[in-house]
Amino acid sequence: MAKAVELGGVDLSLGRGASRVHILKGVTLHIDRGESVGLVGPSGSGKSTLLMVLGGLERADSGTVRLLDQDFAKLDEDGLARFRGRHIGVVFQSFHLIPTMTALENVAVPLELAGVPGAFSLAEAELAAVGLKERVTHYPSELSGGEQQRVALARALAPRPDVLIADEPTGNLDEATGRQIADLLFAKTAERGATLVLVTHDPSLAQRCARTIRMRSGRIETSEPVSA
Ligand SMILES: Nc1ncnc2c1ncn2[C@@H]1O[C@H](COP(=O)(O)OP(=O)(O)OP(=O)(O)O)[C@@H](O)[C@H]1O
Ligand SMILES: [Mg+2]
């Protein structure tokens with residue numbers, strides 16, 4: 001079966017002129033379907049940038065990026081956007097909810113735009129699955145941080161993505177709330193056989209992944225299975 005993620009010799013620089021930075025330097029990385037990977041490393045080492053590349057949000061300057069056997073270089077912008085919508089879910093540290101939409105609309109509207117039938121009932125079920133049945137008509141400003149991150153998680157999971165990428169999803173939450181979000185993240189991805197790529201500064205969270213990958217200065221330093 002195709003791997004979930006295959007990166008080969010990926011290089012990427014971002015920024016213009018004097019502020020241009022060579023961020024990713026020959027990154028090669030394979031992730032199996034259903035695997036959970038914790039991506040760790042110092043601030044500025046390129047973790048978020050690597051997530052952007054494998055989420056199809058930034059294109060590599062060189063090297064190959066393949067998800068579920070699809071070579072991103074063979075897709076135009078529309079094709080890449082469609083592929084993202086169908087196969088990749090994203091959760092950020094700062095939730096990224098739309099403030100003028102209720103919890104339900106935040107989850108349902110992207111599904112509707114993607115032409116998914118029954119978007120609202122599906123969204124309701126996804127919110128119930130993360131324990132927010134009683135909060136569907138709340139706006140983000142009327143929800144706690146942990147609840148907002150649950151909405152973001154429901155939104156990311158609703159299209160049933162094959163790969164979920166999460167960039168410090170518990171970074172803005174207190175320890176107990178962060179643990180609840182992490183529990184949901186691992187439970188839901190495992191339940192659906194989805195691949196999880198998780199960036200975190202929290203060693204105990206990284207330890208919950210099947211494998212940790214350590215980055216340093218734009219390179220993969222080590223990639224090792226987590227011992228139980
Ligand atoms: N659009 C951009 N233009 C120029 N430089 C950038 C851009 N995006 C990121 N960088 C630089 O690339 C480096 C890697 O950034 P990145 O956000 O991937 O790091 P990170 O490992 O996620 O760090 P953190 O743990 O602090 O989130 C940083 O030095 C950053 O300043
Ligand atoms: Mg980052």
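One-based numbering, in listed order, for ligands and for the atoms of each.
- Looking at His22, its side chain does come within 3.5 Å of a backbone N or O of Leu24 through a donor-acceptor pair.
- Neither Ile98 nor Leu127 shares a network with the other; the hydrophobic side chains, linked directly or stepwise wherever heavy atoms of I, L, V, M, F, W or Y lie under 4.5 Å apart, form separate groups for each.
- Atoms of the protein (N, O or S only) found under 2.8 Å from the Mg ion (ligand 2) are Ser48 OG.
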Pairs under 3.5 angstrom only: tabulate donor-acceptor contacts from the side chains of residues 155-165 to other protein residues two or more places apart or in another chain.
residue : atom : partner : partner atom : Å
Arg155  : NH1  : His96   : O            : 3.0
Arg155  : NH2  : Phe95   : O            : 3.1
Arg155  : NH2  : His96   : O            : 3.2
Asp162  : OD2  : His87   : ND1          : 2.6

Test salt bridge (Lys or Arg N to Asp or Glu O under 4.0 Å) on Glu126 and Arg192; report intermediate values, then the result.
CA-CA 13 Å; Glu126 290 290 345; Arg192 296 173 182 196; 3.1 Å; yes
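- If you check the side chains of Gln93 and Asp167, you find no donor sitting under 3.5 Å from an acceptor.
- By the 4.0 Å N-to-carboxylate-O rule, Arg135 lies too far from Glu124 to be salt-bridged with it.
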Under 3.5 Å, which donor-acceptor pairs link side chains of residues 193-202 to any protein atom two or more places apart or in another chain?
residue : atom : partner : partner atom : Å
Thr195  : OG1  : Gly34   : N            : 2.9
Thr200  : OG1  : Asp202  : N            : 2.9
Asp202  : OD1  : Ser204  : N            : 2.9
Asp202  : OD1  : Ser204  : OG           : 2.8
Asp202  : OD1  : Leu205  : N            : 3.4
Asp202  : OD2  : Ser204  : OG           : 3.4

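- A donor-acceptor contact shorter than 3.5 Å links the side chain of Glu142 to the backbone of Tyr139.
- Following chains of ILVMFWY side-chain contacts shorter than 4.5 Å, one cannot reach Leu67 starting from Leu57, and the two form parts of different hydrophobic clusters.
- The residues lining ligand 1, counting any heavy atom closer than 4.0 Å, are Leu14, Gly15, Ser19, Val21, Ile23, Pro42, Ser43, Gly44, Ser45, Gly46, Lys47, Ser48, Thr49, Glu168, His201.
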